[in-house]
Amino acid sequence: MARLEGKIAVITGAASGIGEATARLFAYEGASVVLADVNDERGQGVVASIRDGGGNADYIHTDVARESDVKAMIDFALDRHSRLDTIFNNAGFGGTSGPIAEIPVEEFDSTMGVLLRGVFLGIKHAAPAMTARGSGSIINTASIAGLRAGYAPHVYSTAKAAVIQLTRSVAMELGESGVRVNCICPGGIATPLLANAFASGQEMDEAAALELVKQAMAAMQPIRRAGLPEDIAAAALWLASEESSFVNGHALVVDGGLTGGVQWSMQPPIMRTRTEP
């Protein structure tokens, strides 16, 4: 506890899933947290829960695709706390999908607006407050879909690949001012977002859908369980803390080994059987 004692953190997409888990963990570790989301009822509920547990949290409605909203979010945090130590640009959604020839341009734009422009805007408006103090940690949510093809729809994958490169590029600029910029590449994480996609067209509640998602994902990687929002929150905590003070421009993969290669049990017998040289 207290790994973030006295620090100020802004987290987007904080009303559920990875963002909620991270907000709760950061507050537990001593940070004052500003939660940002478009789901006001759920976001305010998370804030109330954190406060009930003795944590310090506030909520602000923020559409990360709108620059005026993102600027207002940063201004809100600075007005409340006079400084900013960490921003976790985490807000996201599945976005458009389907064959490339069938994707409407407006759906491409709206998907990139949240997944890429939202990260760009978060960095843009957080950077001045951090560089002025000569310290800070900017964390972006990317994805293994930005590293390997075939894990997500075309536009989502493209946006996440761009987030990884944006992270690396900006790290070269802001690192000279003492501000670190890194991203996290989650694998399959059992979140409400994924559960809702899984349950599309089926009659089941979120809890039942999440359980099915966990069962389906448990066999996908060498670590035989589904990834959880708390796994990504723990990675974000490390990147926000002084423990990672020499880490900059890094894409941290948290996927249970999913992208590591062919699982041992699925390799041909000749690979798994010892023979004399």
Student: Looking only at side-chain N and O atoms, does Asn140 offer a donor or acceptor that is under 3.5 Å from a partner on Thr167?
Tutor: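 Looking only at side-chain atoms, Asn140 and Thr167 do form a donor-acceptor pair, the distance falling under 3.5 Å.
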Student: Return yes if some donor-acceptor pair links the side-chain N/O of Arg148 with the main-chain N/O of Thr259 below 3.5 Å, else return no.
Tutor: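 Confirmed, Arg148 side chain pairs with Thr259 backbone.
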Student: Is the closest side-chain heavy-atom distance between Ile50 and Val33 below 4.5 Å?
Tutor: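 No, side chains not in contact.
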Student: Tell me yes or no: between the side chains of Ser49 and Arg24, is some donor less than 3.5 Å from an acceptor?
Tutor: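 There is such a pair between these side chains.
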Student: Using modelled atom types only, decide if a donor and an acceptor are shared between the side chain of Thr12 and the backbone of Asn90 within a distance under 3.5 Å.
Tutor: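 Side chain of Thr12 to backbone of Asn90: a pair is present.
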Student: Hey, are the side chains of Leu166 and Ile123 touching, using non-hydrogen atoms and a 4.5 Å cut-off?
Tutor: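 Yes, at least one pair of side-chain atoms sits under 4.5 Å.
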Student: State whether the side chain of Asn182 and the backbone N or O of Gly249 hold a donor-acceptor pair below 3.5 Å, judged by distance alone.
Tutor: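 Checking the backbone N and O of Gly249 against the side chain of Asn182, a donor-acceptor pair under 3.5 Å is found.
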Student: Rounded to the nearest 0.5 Å, what separates atom CD1 in Ile74 from atom NE2 in His125?
Tutor: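 Here the rounded value is 8.5 Å.
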Student: For Gly257, is there any backbone N or O sitting under 3.5 Å from a side-chain donor or acceptor partner on Gln221?
Tutor: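 No.
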Student: With no hydrogens and no angle check, do the side chains of His61 and Asp40 hold a donor and an acceptor under 3.5 Å apart?
Tutor: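 Yes, a side-chain donor-acceptor pair sits under 3.5 Å.
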Student: When rounded to the nearest 0.5 angstrom, what is the spacing between CD in Glu243 and CZ in Arg3?
Tutor: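 Glu243 CD to Arg3 CZ: 4.0 Å, rounded to 0.5 Å.
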Student: Under 3.5 Å, is there a donor-acceptor pair between the side chain of Ser244 and the main chain of Ser241?
Tutor: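 Yes; judged by distance alone, with no hydrogens or angles, the pair exists.
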Student: Nearest 0.5 Å, please: how far is CZ in Phe88 from CD1 in Ile184?
Tutor: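 Separation between the atoms: 4.5 Å.
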Student: When you check the gap from the basic side-chain N to the acidic O, do Arg42 and Asp37 get nearer than 4.0 Å?
Tutor: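 No salt bridge links Arg42 with Asp37.
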Student: Is any side-chain N of the basic residue among Arg117 and Asp109 closer than 4.0 Å to the acidic one's carboxylate O?
Tutor: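 No, Arg117 and Asp109 are not salt-bridged.
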Student: Is a side-chain N or O of Asn248 found less than 3.5 angstrom from the main chain of Val181, in a donor-acceptor match?
Tutor: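 Yes, Asn248 side chain to Val181 backbone: donor-acceptor pair under 3.5 Å.
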Student: Is any side-chain heavy atom of Leu174 less than 4.5 Å from a side-chain heavy atom of Ile138?
Tutor: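 Side chain of Leu174 against side chain of Ile138, heavy atoms only: contact under 4.5 Å found.
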Student: Please report the closest heavy-atom contact between Ala152 and Ala145, naming both atoms and the distance.
Tutor: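 Closest approach of Ala152 to Ala145, heavy atoms only: CB-CB, 3.6 Å.
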Student: Is there a donor-acceptor contact under 3.5 Å from the side chain of Thr273 to the main chain of Ile270?
Tutor: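 Not a single qualifying donor-acceptor pair exists.
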Student: Look at atom CD of Glu106 and say whether more than 12 heavy atoms of other residues, nucleotides or ligands are closer to it than 6.0 Å.
Tutor: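 Yes, CD of Glu106 has more than 12 neighbouring heavy atoms, counting only those of other groups under 6.0 Å.
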Student: Tell me whether the count of non-hydrogen atoms from other residues, nucleotides or ligands lying under 6.0 Å of CZ in Arg224 goes above 12.
Tutor: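 It does: Arg224 CZ has more than 12 such atoms within range.
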